[in-house]
J.: 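Please see the structure below; I have some questions.
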Amino acid sequence: MLLPQEIIRKKRDGGTLTREEIAAFVGWATDDIVSEGQIGAFTMAVFLRGMTVPEVTALTLAMRDSGRVIDWSGQGLDTSRIIEKHSSAGVGDEKVTLLVVPLAAACGVIAPNVTGRGIDYCGGEVDMLDSIPGYAIEPSPELFMRVVKDVGCAIVGPTLDLAPADRKIFYVRDVSGTVESVPLITGSILSKKLAAGPRGLVTSVGCGSGAFMKTIEEARALANSMGEVAADAGLPNVMLITDLNSVLGTTVGNALEVIEVVDFLTGKYRDPRTEELTLIIAAEMIVLAGIVPDLVAARALAKAKLDDGSAAERFGRMVEALGGPRGFVAAPERHLPATPIIRPVHAAQPGYVASMDTKAIGLTLVGLGGGRKRPSEPIDFSVGMTAFVQLGERADAERPVCVVHALSEKSYDAAAESIRAAIHTSPTPQPAAGPIVRERIARGT
């Protein structure tokens, strides 16, 4: 007889779980037969003991099969163009999905995207889009498929229909100190991706102080794990290892990052490193979809569709089709929540920004109320930080390191103190951040 405590003990003691044992535990998690405490014990055992590639594949497929797997046949679509995008998470990084997906769709890619909520000190696409009034972040599979067919893209969260096991396990990982586990990250990402029925996958795997993988070696291990498991499941994939040693873009916070997304798509302001990563990922998706034969031509196509407003138009159509406001792109601030206190934070010492403790900045968002301390805890979509200074730029009395959006004077003061401690300046000029993409790993392409 399979018992949850025996499966937990087996992994705790370093044993290799069978496909049946993994499927059983995932099923129990899905059906609320095991408690959050037991799920936490299981994820901690995996964190400490690891998993073999066959175990991770079994975990991924069990989580995928815990719900419905989208079948795109019979929809009148060129299924070879169905390509997914994902990020392994990072401070300021998740907004790139909101940029890439409509951009890729504007270039002819069919881009269904099943993603997740914020986890630990990193934001999530689901929470960003959940800040938009009316947006159906958990639509029925039928609505999801209809929007993808009509618009070319849709970004949604895991639901009771799509990868529901990930939803249960994801929340527990967020608050149980097991976020960084390579097998659990692999299973979480790929189960959602495979549930959407794609024919290819492009993933950015962050490394640095703002990512869960602090070193390039750790990021490479995660990229290889995801690439091997995805290929084992028959999914061609490209893994891009990215540099997240500083905040990506200029904002951190859910509604605030949505505004940054709209500003980017409409050309109001485009952070250079964010634009570079967006174009690189879009180009990879375009080539995987077979639209153009090489990355140079694909990047040129993506840049053209970004500059002519096609990507912004797709984003607006997606928001409206999933229940959000009509004309959202024209004035997102009218529809999004705002805080009563919006005030700059200046550096502890004026000078050139030499480094950031980007994780501390992410935790500052949690402290403001924009992240979770418990699985079921609600968050405030309005709080966060804008106008972040970048590495190598000067911060002084004229240029704050950022602007904090807070609910109270007390939370502003705490956030300001944390941010000052996290931003390190030098009296001498400092280099800007290096290339955003550090390595590329492709399998099955």
Side-chain angles (χ1 to χ4, degrees), residues 85-87 90-107 109 111 113 115 122-129 131-132 135 151-153 155 202 204 206 210 240 242-244 246-286 298-320 324-325 327-336 381 384-390 393 402-403 405 432-433 436-437:
K85 182 271 173 189
H86 198 71
S87 162
V91 178
D93 176 70
E94 301 295 329
K95 68 173 74 75
V96 175
T97 298
L98 276 61
L99 299 171
V100 167
V101 167
L103 176 57
C107 296
V109 177
N113 193 273
T115 187
C122 297
E125 299 95 336
V126 167
D127 292 324
M128 293 176 199
L129 292 170
S131 70
I132 301 174
Y135 192 101
V151 181
C153 62
I155 306 171
V202 180
S204 59
L240 301 169
T242 59
D243 174 17
L244 296 181
S246 58
V247 172
L248 185 61
T250 60
T251 62
V252 176
N254 296 297
L256 298 173
E257 290 192 63
V258 171
I259 294 172
E260 184 181 7
V261 164
V262 174
D263 287 348
F264 183 103
L265 292 173
T266 57
K268 184 176 180 180
Y269 177 76
R270 292 175 184 157
D271 169 69
R273 297 186 88 229
T274 305
E275 181 173 5
E276 178 70 7
L277 182 56
T278 297
L279 292 175
I280 289 173
I281 295 173
E284 294 282 3
M285 294 176 71
I286 292 165
R299 182 182 175 120
L301 175 60
K303 177 63 172 168
K305 292 298 183 182
L306 179 62
D307 289 344
D308 71 11
S310 297
E313 186 263 346
R314 294 277 178 156
F315 183 81
R317 285 173 59 195
M318 179 186 74
V319 168
E320 184 177 347
F328 178 79
V329 167
E333 296 90 347
R334 293 181 185 175
H335 305 284
L336 296 171
F381 297 125
M385 297 144 273
T386 57
F388 251 105
V389 70
Q390 302 295 308
E393 294 180 345
C402 72
V403 175
H405 298 240
I436 183 65
V437 175

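All values below come from the heavy atoms of this structure, side chains included, with hydrogens, waters and symmetry mates left out. In this chain, numbering begins with 1 at the start of the sequence shown.
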J.: Distance from Leu244 atom CG to Arg273 atom CZ, nearest 0.5 Å?
T.: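 Rounded to the nearest 0.5 Å, the CG-CZ separation comes out at 7.5 Å.
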
J.: Assess whether a salt bridge exists between Glu276 and Arg299, defined as any Lys/Arg side-chain N lying under 4.0 Å from an Asp/Glu carboxylate O.
T.: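 Arg299 and Glu276: salt-bridged.
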
J.: I need the minimum non-hydrogen distance between Lys95 and Gly249, along with the two atoms involved.
T.: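 Of all heavy-atom pairs spanning Lys95 and Gly249, the closest is NZ-CA, 4.2 Å.
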
J.: Less than 4.5 Å apart, side chain to side chain, heavy atoms only: is that true for Val91 and Phe388?
T.: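 The answer is no; the side chains never approach within 4.5 Å.
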
J.: Where do Gly206 and Thr242 come nearest, in terms of heavy atoms and distance?
T.: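 In this case the closest contact between Gly206 and Thr242 is CA-OG1, 3.3 Å.
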
J.: In sequence, state the C-alpha distance, the side-chain angles, and the governing distance for Ser87 and Val96, and then conclude on side chain to side chain contact (heavy atoms under 4.5 Å, CB included).
T.: CA-CA 8 Å; Ser87 162; Val96 175; over 6 Å; no

J.: For Ala302 and Ile286, which heavy atoms make the closest approach, and how far apart are they?
T.: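 In this case the closest contact between Ala302 and Ile286 is CB-CD1, 4.1 Å.
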
J.: Between atom OG1 of Thr266 and atom CG of Leu306, what is the distance when rounded to the nearest 0.5 Å?
T.: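 Reported to 0.5 Å precision, the distance equals 9.5 Å.
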
J.: Within the distance-only criterion (no hydrogens, no angle test), does the side chain of Arg314 pair as donor or acceptor with the backbone N or O of Val151 below 3.5 angstrom?
T.: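 A pair under 3.5 Å: yes.
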
J.: Can you name the nearest heavy-atom pair linking Ile281 to Ser204, along with the distance?
T.: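 Nearest heavy atoms, Ile281 then Ser204: CD1-CB, 4.2 Å.
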
J.: Using modelled atom types only, decide if a donor and an acceptor are shared between the side chain of Glu260 and the backbone of Thr250 within a distance under 3.5 Å.
T.: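 Between the backbone of Thr250 and the side chain of Glu260 there is a qualifying donor-acceptor contact (under 3.5 Å).
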
J.: Determine the minimum heavy-atom distance between Pro332 and Val262, stating which atoms define it.
T.: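 Taking Pro332 first and Val262 second, the nearest heavy atoms are CG-CG1, 3.9 Å.
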
J.: Would a 4.5 Å heavy-atom cut-off, applied to side chains only, mark Leu336 and Ile132 as touching?
T.: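 SC-SC contact between Leu336 and Ile132 confirmed.
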
J.: Roughly how far, to the nearest 0.5 Å, is the OG1 atom of Thr274 from the CG atom of Asp93?
T.: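 Asp93 atom CG to Thr274 atom OG1 measures 9.0 Å (nearest 0.5 Å).
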
J.: Main chain of Asp271, side chain of Glu275: is a donor-acceptor contact present, judged purely on distance under 3.5 Å?
T.: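 It does not hold such a pair.
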
J.: Quick check: closest heavy atoms across Tyr135 and Met318, and the distance to 0.1 Å?
T.: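 The answer is OH-CE, 3.7 Å.
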
J.: Do Thr278 and Phe264 make a side-chain contact, defined as non-hydrogen atoms from C-beta onward lying under 4.5 Å apart?
T.: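 Counting from C-beta outward, Thr278 and Phe264 do come under 4.5 Å.
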
J.: Are any non-hydrogen side-chain atoms of Thr251 and Ile259 less than 4.5 angstrom apart?
T.: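 Side chain of Thr251 against side chain of Ile259, heavy atoms only: no contact under 4.5 Å found.
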
J.: For residues Leu240 and Val202, determine if any side-chain heavy atom of one lies less than 4.5 Å from a side-chain heavy atom of the other.
T.: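 Leu240 vs Val202: side chains touch.
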
J.: Taking distance alone, no hydrogens or angles, what donor-acceptor pairs closer than 3.5 Å link side-chain atoms of residues 97-106 to residues at least two apart or in another chain?
T.:
unit_1 : atom_1 : unit_2 : atom_2 : d
Thr97  : OG1    : Lys85  : NZ     : 2.7
Thr97  : OG1    : Glu125 : OE2    : 2.8

J.: Can you tell me how far CG of Asn254 sits from CG of Leu129, rounded to the nearest 0.5 angstrom?
T.: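 With rounding to 0.5 Å, CG (Leu129) is 9.5 Å from CG (Asn254).
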
J.: Measuring from atom CD of Gln390 to atom CG of Leu248, what distance do you get when rounded to the nearest 0.5 angstrom?
T.: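 Here the rounded value is 8.0 Å.
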
J.: Counting C-beta onward and ignoring hydrogens, is there a side-chain heavy-atom pair between Arg334 and Pro325 closer than 4.5 Å?
T.: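 Sidechains of Pro325 and Arg334: no contact.
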
